[in-house]
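Inspection log for the structure reproduced underneath, given as structure tokens.
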Amino acid sequence: MPVLARRLALAAAGLGALALSPAVAPAGALVTEAGGPKVGLQPRSTLLFPGETAKAGVPLYPKDPAYPEKFANPSGAPVLASSRVYPIYWDPTNDNYHGEWQNSIDTFMQAMGAGSGSLGSVFAVDSQYTDAANQHASYRSTFMGAVTDTEKYPAATCTDPQPLLGTSSPGHEPNEIACLTDKQIRAQLETFTAQHSLPKGMGTIFYVLTPPGVTVCLNEAGGPTGHCSDYHKASLEEGETKAEEEAKLEEEKESYENSFCSYHSDIDTDKAPNGDGSTILYAVIPWTAGGIGDYGLGLLGEESMQPGYPCQDGGINPISKPQIEQPEKPKTRTEKEQEEFNTAKPEEKAQKEKERLLEGPHVEEPNQLLNEVGPDGAHDHGLSDVIINQIAVEQQDTVTDPLLDGWQDSVGNEATDECRNFFASGGVSGSASANEFTDAGTLSNQKVGAKSYYLNNAFNLAALKLPYPGVPCLGGVNLAPQFTAPNPVNSEEIVGFDGMESDVALDAGTAYNAKGEAQRTYATYTWNFGDGTPTVTGYAPGQAPGNPPSSLCEAPWLPPCAGSTFHSYKYGGEYEVTLTVTDAGGNTATTMQKIKVVGPPAPGTPGSGSGGAGTGVGAGVITPPGGPGGSSLPRPVATAAAMSSSLKQVARNGLLVHYSVNEQVAGRFEVLLEAAAAHRLGIAGPVATNLPAGSPKSLVIGHALLVTTKGGKSSVRIKFSPSVAKHLRHAHRVKLTLRLTARNASALNPLFTTVMSTVELHG
């Protein structure tokens with residue numbers, strides 16, 4: 001019985017799942033030293049074996065349930081702000097690496113470089129990742145041109161776990177090119193770069209690509225458990241017992257789990273902690289696209305039919321509803337269909353089985369030629385699409401973790417690993433059905449240059465820091481500033497502008513202070529109100545009470561805040577309000593809305609009655625004159641006093657404050673506690689600024705906004721954070737200072753009033 005048929009029979013009996021059942025999750029893609037030097041490894045996808053089950057959307061790895069939240073670069077290790085890319089095809093085997101494949105791969109890498117900076121690309125997701133120098137892993141790559149290295153392979157020192165039965169090169173002995181080690185690749189790369197005076201350093205990435213027939217092993221010895229790009233496949237024979245078959249399949253499973261699709265690493269002979277001019281960054285992309293649809297590789301029997309999907313999407317169903325990692329499964333026959341199959345002729349059985357398997361796990365080749373043959377007379381043109389996905393993965397992992405000590409989670413997964421086998425975000429086009437000639441679908445999810453590709457999505461750490469938009473796996477970056485302009489308003493009225501309507505995918509990130517310590521950061525919002533007043537800039541989320549924004553925001557946001565802000569216009573007219581948003585990746589976008597203000601026009605403009613040419617309305621932007629006398633509103637009059645006395649009530653319900661103002665104002669209440677007392681109680685907070693001379697150092701432990709539309713009396717309750725409330729609750733006596741800062745509604749020359757009072761609270 002042929003091996004494939006034998007496996008099918010075993011699968012029906014609960015055996016042989018290795019050859020048929022794809023997984024919903026990767027096999028611990030991680031930074032590891034397995035078998036040799038430290039590498040960022042992309043293993044084949046984990047398979048589901050008899051007795052294992054998978055819940056929809058729940059990955060089988062890793063053991064640490066908090067691994068995505070722990071994705072970090074704690075030491076601020078370097079990222080690559082840009083990269084020069086050199087593909088090197090190491091192929092002395094008389095063109096085993098077909099020219100059409102090289103052309104497809106080089107075209108992709110050229111388009112990747114030409115599209116640098118595009119937010120619609122998966123590579124833009126990496127820009128949120130920074131290092132201690134606060135440089136971003138920006139999408140800026142340059143294709144430096146590809147070459148073929150025809151240097152003869154060194155003598156094999158490793159054992160190929162599954163030697164091929166032949167080669168396509170006339171005059172070559174079988175298995176002559178079977179196995180290379182990473183050590184040999186590193187040695188050749190050092191020699192090759194020196195011979196051709198190629199640039200090294202932390203801005204260059206070399207891709208070493210090996211052709212079909214060449215297995216790469218990390219372990220010097222290789223073999224079934226030697227961490228190789230190939231794996232040992234069980235040879236099942238007639239007459240074997242069930243125990244013998246199970247033992248062979250278990251050996252195949254172990255070998256498979258130790259195999260990989262690609263990896264990246266570095267050569268740093270100087271041992272420079274952050275790399276230097278002699279550092280060589282490289283990625284190794286062996287041929288792991290299988291041989292489906294290709295009978296021109298010179299391989300014999302089923303060896304030419306090994307699938308490539310474990311190195312692309314793991315055999316998941318990319319268009320399942322909902323879009324979660326659900327494995328593809330061959331169609332199950334009905335009882336009647338099985339009876340018809342059993343009585344069919346051998347050639348009919350083969351055709352029926354092929355049709356059934358076409359509905360099961362298969363690769364996606366958006367650039368396949370369908371029923372047309374390539375230059376070699378085979379249907380293998382699209383196999384390079386599988387290799388291209390591995391290049392895209394290694395490009396992202398290298399720029400975010402070039403020295404393998406940067407952006408990783410708690411178990412060593414890198415930027416693409418958290419979302420491996422996820423392709424759905426951003427929309428998928430093409431057909432999921434496998435073509436009968438290529439055994440591959442045509443799905444794509446990325447447009448790079450003029451062609452479409454099927455590329456793994458990248459992990460968006462910002463989604464774990466803020467709930468909106470909160471998409472953890474992205475195929476591109478959204479940055480769409482947006483706010484809704486108020487209806488026509490009167491001059492001197494306070495109006496709000498809400499930039500939090502914006503769609504900012506990278507709305508949170510990591511920055512580093514002068515000590516190299518990681519700090520949270522957020523997208524910044526800049527408002528230009530079009531009336532000549534100073535622009536307002538601050539972080540979002542958060543809300544600024546006026547123009548300029550307050551120096552404090554609601555914890556835990558960074559000061560100052562400007563995601564939303566208030567403004568008032570002194571003069572009537574039509575103004576262009578411009579919002580500019582810079583996300584955590586350093587990307588910037590702008591939007592503009594017009595607002596109509598009813599009131600007397602600015603002096604010097606047509607219709608103002610002041611005479612003279614003035615500045616005019618121009619393109620709808622009014623620039624009023626400046627000067628210290630521009631405000632006709634008086635300084636506001638305000639009073640404020642705390643009405644609470646019980647520490648426990650204040651800790652539970654907040655500090656009740658009565659206040660009065662004589663006119664429309666915007667402002668802020670702040671509750672201050674002397675720093676010495678705060679330290680004694682274990683309370684933290686920002687240092688209060690602009691205190692009267694001689695005042696003791698104090699911290700701001702609570703605050704609230706004040707916005708009024710007219711004068712009068714009212715009250716406000718200032719709530720405290722859970723941490724502050726906890727410490728206040730256990731104190732015996734605390735003296736607090738209440739500070740109210742209020743400003744009038746003048747846009748040109750706002751006048752401020754500050755009032756302060758004290759209150760003593762008891763336990």
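Keep in mind the model is a prediction, meaning the values are calculated, not measured.
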Validation row: [X], [Y] side chains within 4.5 angstrom (heavy atoms):
{"X": "V284", "Y": "F260", "value": "no"}
{"X": "N587", "Y": "L119", "value": "yes"}
{"X": "R520", "Y": "T510", "value": "no"}
{"X": "P87", "Y": "L209", "value": "yes"}
{"X": "Q482", "Y": "D503", "value": "no"}

> So W101 and H98, would you call those rings parallel, tilted or perpendicular, with 30° and 60° as cut-offs?
Replying inline: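 Ring orientation of W101 relative to H98: parallel.
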>> Classify the ring geometry of F123 against Y139: parallel below 30°, tilted from 30° to 60°, perpendicular beyond 60°.
In response: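 Judged by the thresholds at 30° and 60°, the geometry between F123 and Y139 is tilted.
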> In this structure, which one of Q42, E414, Q395 forms a side chain to side chain donor-acceptor pair (under 3.5 Å) with H264?
Replying inline: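 With H264 as partner, side chain to side chain donor-acceptor pair (under 3.5 Å) holds for just one option, E414.
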> Between T400, N456, N457, D397, which is the residue that forms a side chain to side chain donor-acceptor pair (under 3.5 Å) with T416?
Replying inline: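 With T416 as partner, side chain to side chain donor-acceptor pair (under 3.5 Å) holds for just one option, D397.
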> When rounded to the nearest 0.5 angstrom, what is the spacing between CD in E33 and OG in S265?
Replying inline: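 Here the interatomic distance stands at 9.5 Å.
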>> Would you say the ring centers of F108 and Y453 fall short of 6.0 Å from each other?
In response: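 When the ring centroids of F108 and Y453 are compared, they turn out to be within the sub-6.0 Å range.
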>> Is the distance between the ring centroids of Y207 and Y282 under 6.0 Å?
In response: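 No, ring centres 6.0 Å or more apart.
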> Within the side chain of W90, is there an N or O that forms a donor-acceptor pair under 3.5 Å with the backbone of Q188?
Replying inline: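 A pair under 3.5 Å: no.
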> What's the verdict on side chain to side chain contact (heavy atoms under 4.5 Å, CB included) for M202 and L403, showing C-alpha distance, side-chain angles and the deciding distance?
Replying inline: CA-CA 9 Å; M202 295 293 290; L403 300 178; 3.8 Å; yes
>> Suppose the criterion is side chain to side chain donor-acceptor pair (under 3.5 Å): which pairs have a residue in residues 106-117, not counting sequence neighbours?
In response: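 Residue pairs with at least one partner in residues 106-117: Y89-D106.
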> Does the distance from C228 SG to C217 SG come in under 2.5 Å?
Replying inline: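 Yes - the two cysteines, C228 and C217, have SG atoms within less than 2.5 Å of each other.
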> What do you reckon, C473 and C419 SGs under 2.5 Å?
Replying inline: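 Answer is yes, sulfur atoms closer than 2.5 Å.
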>> For T204, give me all partners under side-chain contact (heavy atoms from CB on, under 4.5 Å), at least two apart in sequence or on another chain.
In response: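 Listed in chain order: R84, Y86, P199, F206.
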>> Taking ring-ring contact (aromatic ring centres under 6.0 Å, His included) as the definition, give me every residue that meets it alongside Y512, ordered by chain and number, with sequence neighbours left out.
In response: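 Listed in chain order: nothing, the list is empty.
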